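Single-structure report; data block below.
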Amino acid sequence: MRSRHRAVQLALVSLLLPTLALAAPAPAKKGAPAPSTGTLRTAFVGKGGPLPHGVKVGWSHAAYENGDCSICHVNKDVKNPGALKASVNDLCFQCHEEFNAVMNRQVKHPPAVERCTNCHNAHNATEKKLLNADVYTLCNGCHTKIKATAENAKVKHGALTSGGKCVSCHNPHAANVEKLLVQLPFDLCVNCHSQEGLKDDKGVTLTNFSKLLAANKVWHAPVANKDCSACHMTHGSPNFRLLVEDYPAKFYAPYDPKNYALCFTCHNDKVAATAETTTLTNFRDGSRNLHFLHVNKTERGRTCRACHEVHASPFDHQIREKTPFGSSGWGLNVGWQKTATGGQCAKTCHDTKPYSNKTVATKK
Ligand code: HEC
Ligand code: HEC
Ligand code: HEC
Ligand code: HEC
Ligand code: HEC
Ligand code: HEC
Ligand code: HEC
Ligand code: HEC
Ligand code: HEC
């Protein structure tokens, strides 16, 4: 039940508010509510009184609309409500009983433990849910590091600025998952990223992860560990696709191990460095390094995505079914098969080519 103010009471209250507003700056009178000294308070919270006269009230608290200040203050008198009858949170818990349980969850948000009015106005507000500011501004008012990450990021995550914003992922009060998350992080990412037709800011359709993970049984180890954050930065990143390190954005890229910093934080960075090897990789024909052959070019080196699917694939070694071609989502069949001595690819990018990593190079 949304408690929009009733017109009659609004008129009554706003007639009286100018008096209060004028009285406010005077030195604290006996019985006046204690000034806000909380360490966590931000400028926009002010003294937490009703909105000043002239500010358009968006939402009004049922408990305040009633007109009886003595529900929370010592006096009934609207001109002189006086001090609070109890600590702020105890007042709130009296009516919002479910919050006793909420605030007993394992991970508690310090500003909610300290004082509910760090974020809510007990009387009325311009924002819904009686918030002191819109969610993004409210949260970032204290979390200035997150604000800086989000706003200075070259690649931004739409989840922060659309829909529920910060509270799509975090519970502002308390939670049973660390970092106040509303779900386990993997479920959080996968559930939102299972919307059909979700697009990035360039209009490219994003993957439906529930479908992808269900259809492809070979999950890349960090995905199987349910750790999307091993590679992605939730709040914003300097890199393509919110990645924690560099990874080429395009299908072709000049070879430079720095471009593949993401992969090479966990994998051997020499995998495509030398033309000949019998130890660095199994993607070789005898001693001819096929990773080198495909990837290590000064201009149009094929990127890992040509053959590997980084989240989940139908074949061993994260080999993908189709290599992406253009931005339409269409792909060329890779047709990779394991063979007794190595593997082979289909006649698409080139003729069917087997490789043997069990024997010495077979010259072709
Ligand atoms: C639901 C509880 C509740 C009710 C009802 C309520 N208040 Fe308050 N009021 C508070 C709380 C809590 C604070 C302290 C806010 C803070 O510390 O952030 C406060 C603070 C104030 C302040 C600011 C005090 C200051 O230091 O300047 C004013 C003014 C005020 N109330 C006026 C009223 C008036 C007038 C009414 C009745 C029409 C009323 N309140 C009814 C909870 C309530
Ligand atoms: C006298 C009872 C009472 C007290 C005390 C009280 N509330 Fe409420 N509050 C209500 C009622 C009734 C509603 C409207 C029904 C609902 O949404 O649950 C409400 C609604 C709310 C809402 C939701 C508004 C919305 O749009 O959904 C918030 C937020 C809220 N109260 C915060 C507080 C805070 C913070 C305190 C302590 C400063 C507090 N309340 C103290 C009775 C109370
Ligand atoms: C850090 C900011 C913050 C603090 C502190 C805070 N809240 Fe909230 N509260 C929010 C936000 C944001 C929402 C809106 C959540 C949403 O839309 O999903 C909310 C929603 C609510 C609601 C509406 C019901 C609901 O769950 O959506 C109530 C009631 C409420 N808070 C009560 C409280 C009480 C009681 C306290 C003190 C124990 C408190 N809040 C402290 C940010 C805060
Ligand atoms: C009044 C200041 C204040 C506001 C407003 C505020 N926070 Fe916090 N928040 C803190 C403090 C203090 C901590 C504890 C120290 C820290 O981790 O930075 C904290 C911690 C957190 C944490 C980390 C919890 C953990 O377990 O490490 C998350 C996540 C968080 N806040 C999210 C939010 C979100 C989302 C909002 C908006 C709904 C919000 N905060 C609004 C002050 C605030
Ligand atoms: C509340 C919904 C929601 C949740 C939860 C969510 N996302 Fe997103 N994500 C989006 C939307 C909407 C976009 C498209 C807009 C954009 O590109 O930022 C997006 C885009 C992305 C992108 C592409 C960004 C780009 O522009 O290149 C990546 C990568 C991503 N999300 C990863 C994650 C990860 C990892 C998680 C879990 C930590 C996650 N998302 C959780 C909604 C969500
Ligand atoms: C798409 C989900 C999502 C959204 C939206 C989101 N966060 Fe987070 N947040 C996370 C995850 C997951 C973590 C855990 C650590 C990590 O992966 O960065 C986290 C961690 C945090 C932390 C703890 C920081 C630390 O380093 O431990 C804070 C504070 C925080 N978020 C604040 C916010 C604020 C403020 C907003 C809104 C501007 C927001 N978050 C929006 C998912 C989200
Ligand atoms: C091992 C690193 C890694 C892990 C772990 C990982 N990703 Fe990614 N993700 C990538 C890379 C690399 C790309 C860019 C792929 C490309 O363009 O070829 C990407 C792209 C994305 C995109 C944007 C492209 C699209 O098609 O939607 C989203 C969304 C995304 N990842 C979400 C997730 C989610 C959700 C998880 C956890 C289930 C996750 N990622 C785990 C590396 C990773
Ligand atoms: C956070 C660490 C991490 C990151 C980052 C990472 N991987 Fe992995 N990857 C692993 C682990 C662990 C395995 C499983 C153990 C193994 O086979 O090396 C694995 C397995 C693989 C396999 C299959 C190996 C096999 O023989 O079955 C391929 C292919 C692969 N990763 C490619 C990539 C690519 C391409 C990137 C960059 C886009 C990347 N990885 C980024 C950790 C990571
Ligand atoms: C032209 C296709 C192709 C490209 C491009 C490619 N790979 Fe591979 N990769 C393979 C094949 C095929 C295998 C499996 C070899 C075998 O075991 O038979 C493989 C195996 C791997 C393995 C498992 C260990 C090994 O070397 O045998 C890792 C790790 C790996 N690739 C990482 C990468 C990274 C990182 C990139 C981008 C820098 C990349 N690959 C680019 C085809 C490719």
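When a ligand or atom number is given, it counts from 1 through the structure's own listing order. Hydrogens, waters and symmetry mates play no part in the numbers below; they use all other heavy atoms, side chains included. Just so we're clear, the structure is a prediction, and the values are computed from it rather than from any experiment.
- For atom 8 (Fe) of ligand 5, the set of nearby N, O or S atoms under 2.8 Å includes none belonging to C189.
- Within the 4.0 Å heavy-atom criterion, the part of L198 lying near ligand 5 is the side chain and not the backbone.
- Every atom of ligand 3 is numbered from 1 in the order shown, and the set under 4.0 Å from a heavy atom of C92 is 35 (C).
- Protein heavy atom at the shortest distance from atom 15 (C) of ligand 6 is K179 CG, 4.5 Å.
- Residue A159 has at least one heavy-atom neighbour below 4.0 Å for each of these atoms of ligand 5: 3 (C), 7 (N), 42 (C), 43 (C).
- In this structure, the protein non-hydrogen atom closest to atom 1 (C) of ligand 6 is C169 SG, 2.8 Å.
- Inclusion of C166 in the first shell of atom 8 (Fe) of ligand 6 is not supported: no N, O or S atom falls under 2.8 Å.
- Counting only heavy atoms, the protein never gets under 4.0 Å from atom 26 (O) of ligand 6.
- In summary, D200 and R241 engage in a salt bridge, as defined by a charged side-chain N under 4.0 Å from a carboxylate O.
- The aromatic rings of H143 and H109 lie parallel to each other, with less than 30° between the two planes, well short of the 60° mark.
- Only the side chain of L181 comes within contact range of ligand 6, with a heavy atom under 4.0 Å; no backbone atom does.
- Under the 3.5 Å distance criterion, with hydrogens and angles disregarded, a donor-acceptor pair is assigned to the side chains of H123 and N121.
- By heavy-atom distance, the residue among K199, K156, R241, Q195 lying nearest atom 14 (C) of ligand 5 is K199.
- Atom 28 (C) of ligand 6 has as its closest protein heavy atom I146 CD1, 3.7 Å.
- Residue H193 approaches atom 8 (Fe) of ligand 5 most closely through its N/O/S atom NE2.
- For residue C116, no N/O/S atom approaches atom 8 (Fe) of ligand 3 to within less than 2.8 Å.
- Proximity of L206 to ligand 5 is established by a heavy-atom distance of less than 4.0 Å.
- Of all protein heavy atoms, the one lying nearest to atom 16 (C) of ligand 6 is T234 OG1, 4.1 Å.
- Residue contact annotation: H170 places an N/O/S atom under 2.8 Å from atom 8 (Fe) of ligand 6.
- Two rings, from H317 and F283, have their centers 6.0 Å or more apart.
- Using a 4.5 Å heavy-atom cutoff, the side chains of Q318 and E309 are not in contact.
- Electrostatic pairing of K211 and E196 counts as a salt bridge here, judged by a charged N lying under 4.0 Å from a carboxylate O.
- Between V167 and N171 the shortest side-chain heavy-atom distance does not fall below 4.5 Å.
- Side-chain N/O atoms of N191 and S194 include no donor and acceptor closer than 3.5 Å.
- Donor-acceptor pairing under 3.5 Å is recorded for the side chains of Q337 and Q344.
- Distance remark: protein heavy atom present below 4.0 angstrom from atom 40 (N) of ligand 3.
- Looking at atom 17 (O) of ligand 6, its nearest protein heavy atom turns out to be S229 OG, 3.1 Å.
- At a threshold of 2.8 Å, atom 8 (Fe) of ligand 3 has a backbone or side-chain N, O or S atom of H120 nearer than that distance.
- For atom 2 (C) of ligand 5, the closest non-hydrogen atom of the protein is C192 SG, 1.8 Å.
- We find that D134 and K165 are joined by a salt bridge, their nearest charged nitrogen and carboxylate oxygen being less than 4.0 Å apart.
- Of the protein's non-hydrogen atoms, H143 ND1, 3.4 Å is the one closest to atom 29 (C) of ligand 6.
- Given atom 20 (C) of ligand 6, the protein heavy atom at minimum distance is H235 CE1, 3.5 Å.
- Contact analysis puts P111 in contact with ligand 3, with a non-hydrogen atom separation below 4.0 angstrom.
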